[in-house]
Amino acid sequence: MITYKCEFCGGELVISPSGDLRCDYCGSKSHFSDAQLREYREFRSNMLKYLAAAAERKSGEKDDSGLWSYAEREYFQTEDGQDVTVEYLFRTGDDGIEMFFARESVIYVFPKGRTVQGERMLQNIARVRFPSADMKGLSRLIPTLKARLSLQNGDLLLAFQREPGFYPLESFGALPYEHAAWILSRLENLCCIMAYSGLVHGGFRLESVYINPYTHEAALYGGWWKTEPERKGMTTDLIDIRKLVLRLLGVNRAESPKAFLEFLNSVPETDAYTDFERWDYVIENRLGGRRFARFEKNRKG
């Protein structure tokens, strides 16, 4: 995978949907050089072609070995001296906590002195509850711990099971309205799961959400260290998913339906269930109803 370092602090640079580079560590922003832009576009084009082909073959779990020719490796050592090699396709950061997108895992590394946030992540995930009838399907969208490793340098590594076919939302770049709309629906669903559990996630970001573009599912892997108990009238998550989708639209915002943009810029309802009902009304009465939009290769952004 292509990675870029901040010239000011050495932190990992994150690629925004608009194609800019930003550093989550010091807040600085920069732009691709011509060579970097060509390299990034080549990688992203190959990824989108693979995902589009998988959708056309009607499978979200086809072999993606071609993508992994871009993989890089990071090496760790546990506190008892065992070597750990992580082969990853994407690497990014949120709150200074590194994320690695591996073949079968989503890995978070919490720096020494901040490992308590890793423990908090595990505790918060354990607090999530599902309606009994939906347990099997919905639980796939919340992280399942595979490994917890204390590293020799004092860092904490947490590896979570990655569902096949799910990719980091931030890796797709700007998406058109027809995809942003179903992603918003899935985010509204996730907000309802949090509300059912009596929690506010507090970390709905491009960096924390993964999507399966064939099955039209979204999973919430990151940001769980920010989660807190819900208090009456809290709309943090509902505000955050609106900001997330507006950011996701990027250059496609100008071509999006007015009703969609009005909803994204609106004040949320006081609870997730009512907000989802309002979004459902907008879909059915102002956006022409539900239509499955197949993932396409040729899109703006």
Side-chain angles (χ1 to χ4, degrees), residues 1 3-18 20-30 74 76 86 88-102 105-128 141-143 145 147-151 153-160 162 166-171 187 190-191 194 197 199-211 218-230 234-248:
M1 172 52 187
T3 55
Y4 303 104
K5 296 291 186 180
C6 176
E7 62 180 308
F8 299 104
C9 72
E12 198 77 26
L13 291 173
V14 176
I15 303 167
S16 73
S18 61
D20 292 330
L21 296 166
R22 75 174 192 282
C23 179
D24 282 341
Y25 296 89
C26 70
S28 63
K29 295 182 179 180
S30 57
E74 185 75 7
F76 301 96
V86 173
Y88 65 92
L89 196 58
F90 302 103
R91 178 178 184 169
T92 188
D94 187 11
D95 283 352
I97 296 160
E98 283 198 294
M99 182 281 290
F100 297 86
F101 173 82
S105 307
V106 179
I107 297 169
Y108 290 91
V109 179
F110 295 82
K112 180 180 179 181
R114 300 181 63 183
T115 58
V116 65
Q117 291 176 291
E119 303 296 347
R120 189 178 303 138
M121 181 176 189
L122 297 177
Q123 293 166 5
N124 288 329
I125 291 170
R127 294 188 176 104
V128 177
L141 310 179
I142 304 299
L145 185 67
R148 179 192 182 281
L149 301 175
S150 296
L151 303 181
N153 62 358
D155 293 355
L156 174 66
L157 184 153
L158 299 179
F160 297 92
R162 178 175 72 87
F166 280 80
Y167 294 84
L169 184 55
E170 67 173 333
S171 68
L187 295 177
L190 289 168
C191 285
M194 299 306 298
S197 305
L199 300 170
V200 173
H201 184 265
F204 277 96
R205 304 286 187 273
L206 287 178
E207 297 81 5
S208 60
V209 175
Y210 280 53
I211 64 168
L220 187 54
Y221 283 112
W224 287 92
W225 52 90
K226 306 173 187 178
T227 302
E228 59 181 313
E230 183 182 29
M234 287 186 72
T235 59
T236 303
D237 288 345
L238 299 174
I239 292 171
D240 285 348
I241 64 173
R242 284 161 164 78
K243 292 179 180 178
L244 186 160
V245 175
L246 282 169
R247 184 179 165 200
L248 181 64

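Treat the numbers as computed from the prediction; the structure is a model and nothing was measured.
Considering only residues two or more places apart in sequence or on other chains, I239 meets the side-chain contact (heavy atoms from CB on, under 4.5 Å) condition with T235, K243, P268. Among residues two or more places apart in sequence or in another chain, the side-chain contact (heavy atoms from CB on, under 4.5 Å) test is passed with E228 by V200, R231, M234. Qualifying side-chain contact (heavy atoms from CB on, under 4.5 Å) partners for R114, counting only residues two or more places apart in sequence or in other chains: D95, I97, P111, Q117.
A heavy-atom distance below 4.5 Å is not found between the side chains of L220 and L141. L199 has its side chain out of reach of E230: every pair of non-hydrogen atoms, C-beta onward, lies at least 4.5 Å apart. Looking only at side-chain heavy atoms (C-beta outward), L238 and C191 come within less than 4.5 Å of each other.
D155 places no side-chain N or O within 3.5 Å of a backbone atom of S150 that could act as its donor or acceptor partner. No donor-acceptor pair closer than 3.5 Å links the side chain of H201 to the backbone N or O of T236. When atom types are taken as modelled, the side chain of N124 and the backbone of W224 share a donor-acceptor pair closer than 3.5 angstrom. A donor-acceptor pair under 3.5 Å is absent between the side-chain atoms of S208 and the main chain of G223, judged by distance alone. Remark: side-chain polar atoms of Y108 are not paired, donor with acceptor, to backbone N or O of G118 under 3.5 angstrom.
Atom CG of L149 and atom CZ of F76 lie 10.0 Å apart (nearest 0.5 Å). Summarising the geometry, atom CD1 belonging to I142 is positioned 14.5 Å from atom CZ belonging to R127; distances are rounded to the nearest 0.5 Å. Distance OG1/T227 to CE/M194: 4.5 Å, rounded to 0.5 Å. Atom-to-atom distance recorded for F204:CZ and D237:CG is 5.0 Å, nearest 0.5 angstrom. Atom CE of M121 sits about 4.0 Å away from atom CZ of F160, to the nearest 0.5 Å.
What you find for R120 and W225 is that their closest heavy atoms are CD-O, 3.2 Å. Taking all atoms of both residues into account, the shortest heavy-atom contact from I107 to A102 is CD1-CB, 4.2 Å.
In summary, of the residues considered (F166, Y221, Y210), a side chain to side chain contact (heavy atoms under 4.5 Å, CB included) with F101 occurs for Y210 alone.
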Check: side chain to side chain contact (heavy atoms under 4.5 Å, CB included) between L190 and I241: does it pass, once the steps are laid out?
Finding: CA-CA 10 Å; L190 289 168; I241 64 173; over 6 Å; no

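Between R247 and E207 there is a salt bridge, with a side-chain nitrogen of the basic residue lying less than 4.0 Å from a carboxylate oxygen of the acidic one. Taking a cutoff of 4.0 Å between a charged side-chain nitrogen and a carboxylate oxygen, K226 and D94 qualify as a salt bridge.
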